[in-house]
Amino acid sequence: MPTVSLVSSTAPLTADVIVIGTVATPDGVALAAGAEAVDKSLGSVLGGALAAVEASGRHDEVIKIPTLGRGPVPLIVATGLGKGQPDVLEPESVRRAVGAALRGLSSAKRVAIAIGQDSDPDLIAAISDGALLGGYRFTTYKSKPTPPALRRIDIAASNPADAAAKAGLRRSKIITTAVNNTRDLVNTPANDLNPVSFAAYAKQNGEQAGLTVEVLDERALKRGGFGGILAVGAGSATPPRLVRLSYRPARARATVALVGKGITFDTGGLDLKHAMMGQMKSDMGGAAAVIESIIAAAKLRLPIEVTATVPMAENAVSGSSYRPSDVLRMRDGRTVEVDNTDAEGRLILADAMLRACEDAPGYLIETSTLTGGQLVALGTQTSGAMGSDAFRDRVVAAGNASGESLWAMPLPDHLRASLDSPVADLVNLPKDRWASMLVAGVFLREFVADGVEWVHLDIAGPSFANSASGYTHKGGTGVIVRTIVASLTELAS
Ligand code: BES
Ligand code: MN
Ligand code: ZN
């Protein structure tokens with residue numbers, strides 16, 4: 001990770017590149033606040049240069065302006081903040097704009113950012129978030145990787161010694177590290193990331209962050225009666241795992257359970273997939289997000305107790321695969337008929353949520369790449385949130401404020417009857433396929449203990465991007481880490 005620091009906005013900036021903002025105003029493109037000193041040092045030519053190249057100031061417009069030996073640095077990058085006013089800087093617009101700028105640079109070693117230039121901690125954090133998320137690269141599988149050039153990011157601020165601004169920067173570094181690690185995990189293909197190697201990653205990185213980590217192997221899962229996790233993992237050459245990470249600070253203000261779906265690859269099982277299988281290395285995006293979020297909570301020293309319960313399995317095809325019509329006995333003794341082996345996520349999650357609730361947490365946050373229905377209903381960028389009404393709404397509000405996009409969805413009681421089975425207590429998929437995102441949520445609700453406030457976040461679309469924009473790269477997005485950390489932060493305050 002490059003170093004990020006605050007530098008004084010009154011001294012001239014030294015860098016390979018200076019990033020400034022542009023805004024789309026009703027009268028055309030304008031320089032955003034913070035660019036004044038840079039513009040002046042160039043003889044106030046930037047407005048004319050932007051007009052000459054027909055700049056608009058819209059999101060994802062990144063214009064590179066060489067200074068031809070006449071300026072303080074060789075290159076100015078003008079990045080669009082979207083519609084607005086030059087001196088009203090909305091954090092998510094700033095995050096996106098700075099992200100797009102940094103994503104578009106490959107050889108700059110030192111980048112200075114002159115946007116806003118005050119010391120508002122939210123603005124400083126947004127600039128830092130955008131730079132660290134946009135500067136992300138995934139080169140693990142290149143035989144000749146170009147080493148990341150970016151070493152240093154300077155953010156111009158009116159008071160670089162401001163304590164709140166420095167705290168905002170520290171928080172940004174912790175959270176963006178969690179997001180980028182989640183991206184790395186999602187981007188790692190399933191020939192390297194399997195339940196065993198994923199569990200080893202969680203143990204090593206969890207313990208390094210001071211967490212207590214317990215890994216249940218297939219024998220422990222059998223002893224513990226985790227019939228859902230064992231069945232889904234049965235077809236794979238790599239056996240399933242259940243990882244438990246816990247963070248227990250002194251004087252905790254709340255107890256929170258996290259659960260995340262860790263399917264390292266989803267072929268669909270014997271109900272083999274016929275669409276989107278190529279994206280299914282990302283079916284552990286929920287697990288990665290909760291592991292990285294609890295690590296971030298520990299680094300932030302949040303005064304809440306957090307335990308992450310993370311089921312990991314590969315949904316594979318072989319002679320030992322579980323079958324449609326199999327009846328599984330779950331952790332609490334209840335039975336589930338398998339109608340479709342591709343509805344595997346809810347089976348491993350049910351066991352994990354039962355285990356999580358045995359600790360009697362006050363809150364349960366579960367997240368998963370659970371249904372194609374999420375994409376149908378809300379698209380590639382907005383996660384669906386279901387659960388206890390009040391807690392669901394708090395998580396949606398905290399997540400949206402953090403810059404992620406979530407929308408509250410209902411869990412209608414009338415959908416419950418469709419999950420009745422003629423042979424078992426429940427079936428994993430009803431005959432009719434409408435509202436499949438909600439039906440999955442209604443299924444999961446069966447496994448939440450009374451009195452636990454809970455939320456289910458379906459991130460099927462948002463966890464993986466097929467095109468880049470703003471601070472988002474192609475591939476794993478790291479989505480839902482910021483929402484979880486924001487929710488934990490709120491519960492801790
Ligand atoms: N992992 C998938 C959901 C998914 C789909 C995630 C697309 C990301 C992108 C889940 O296990 C699944 O297969 N869901 C199916 C179930 C159905 C076919 C039985 C679905 O919702 O389409
Ligand atoms: Mn599936
Ligand atoms: Zn799946």
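Atoms within a ligand are numbered from 1 in the order they appear, just like the ligands themselves. As the structure is a prediction and not an experimental result, all values here were calculated from the model. Computed from heavy atoms alone, side chains included, the values below leave out hydrogens, waters and symmetry copies.
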Between Asn315 and Asp266, does a side chain to side chain donor-acceptor pair (under 3.5 Å) hold up when you go through it step by step?
-> CA-CA 5 Å; Asn315 190 19; Asp266 184 9; 2.9 Å; yes
With the side chain counted from C-beta on, respond yes when Pro462 and Gln374 share a heavy-atom pair under 4.5 Å apart, and no when they do not.
-> yes
Pairwise side-chain contact, Met386 with Leu444, heavy-atom cut-off 4.5 Å (strictly under) = no
List the steps, then state whether side chain to side chain donor-acceptor pair (under 3.5 Å) holds for Glu314 with Thr264.
-> CA-CA 5 Å; Glu314 180 184 8; Thr264 56; 5.0 Å; no
May I have the step-by-step check of salt bridge (Lys or Arg N to Asp or Glu O under 4.0 Å) for Lys222 and Asp217, ending in yes or no?
-> CA-CA 9 Å; Lys222 201 156 197 181; Asp217 64 11; over 6 Å; no
Side-chain donor/acceptor of Arg244 to backbone N/O of Ala308, under 3.5 Å = no
Any atoms of ligand 1 less than 4.0 Å from a non-hydrogen atom of [X]? List them with their elements.
X      : result
Gly372 : 5 (C), 20 (C), 21 (O), 22 (O)
Asp283 : 1 (N)
Asp266 : 1 (N), 2 (C), 10 (C), 11 (O), 13 (O)
Thr369 : 1 (N), 2 (C), 3 (C), 6 (C)
Leu429 : 19 (C)
Glu344 : 11 (O)

Applying the side chain to side chain contact (heavy atoms under 4.5 Å, CB included) criterion to [X], which one of [options] satisfies it?
X      : options                : result
Val439 : Leu411, Leu419, Leu429 : Leu419
Glu344 : Asn340, Thr341, Asp342 : Asp342
Lys203 : Leu245, Val213, Val243 : Val213

With a cut-off of 6.0 Å (strictly less than), are more than 12 heavy atoms of other residues, nucleotides or ligands near CD of Glu207?
-> yes
May I ask you to check if Arg355 and Phe226 form a cation-pi contact, with NZ or CZ under 6.0 angstrom from the six-membered ring centre and within 45° of the axis?
-> no
Are Arg334 and Phe447 in a cation-pi setup, meaning NZ or CZ lies under 6.0 angstrom from the ring centre and within 45 degrees of the ring axis?
-> yes
Indicate, as side chain, backbone, both or neither, the part of Asn340 found under 4.0 angstrom from ligand 1 when only non-hydrogen atoms are considered.
-> side chain
Within reach of ligand 1, part of Asp342 (heavy-atom separation under 4.0 Å) | both
To which of Met280, Gln279, Met276, Met277 does the heavy atom nearest atom 4 (C) of ligand 1 belong?
-> Met280
Does Arg433, backbone or side chain, put an N or O under 3.5 Å from an N or O of ligand 1?
-> no
Quick one: does Lys261 get an N or O within less than 3.5 Å of an N or O on ligand 1?
-> yes
Would you mind checking which non-hydrogen protein atom is closest to atom 6 (C) of ligand 1, with the distance to 0.1 Å?
-> Ala460 CB, 3.6 Å
To the nearest 0.1 Å, how far is atom 14 (N) of ligand 1 from its closest protein heavy atom, and which atom is that?
-> Leu370 O, 3.6 Å
Going by heavy atoms, is Lys273 under 4.0 Å from ligand 1?
-> yes
Which heavy atom of Lys299 sits nearest a heavy atom of Thr177, and at what distance?
-> NZ-CG2, 4.0 Å
OE1 (Glu344) to the Mn ion (ligand 2) to O (Asp342) angle, given to the nearest 10 degrees = 70°
What N/O/S atom of Asp266 is the closest to the Mn ion (ligand 2)?
-> OD2
Near the Zn ion (ligand 3), meaning under 2.8 Å, the protein N/O/S atoms are Lys261 NZ, Asp266 OD2, Asp283 OD2, Glu344 OE2
Give the C-alpha distance, both sets of side-chain angles, the deciding distance and a yes or no for side chain to side chain donor-acceptor pair (under 3.5 Å) between Glu366 and Ser368.
-> CA-CA 7 Å; Glu366 175 278 324; Ser368 40; 2.6 Å; yes
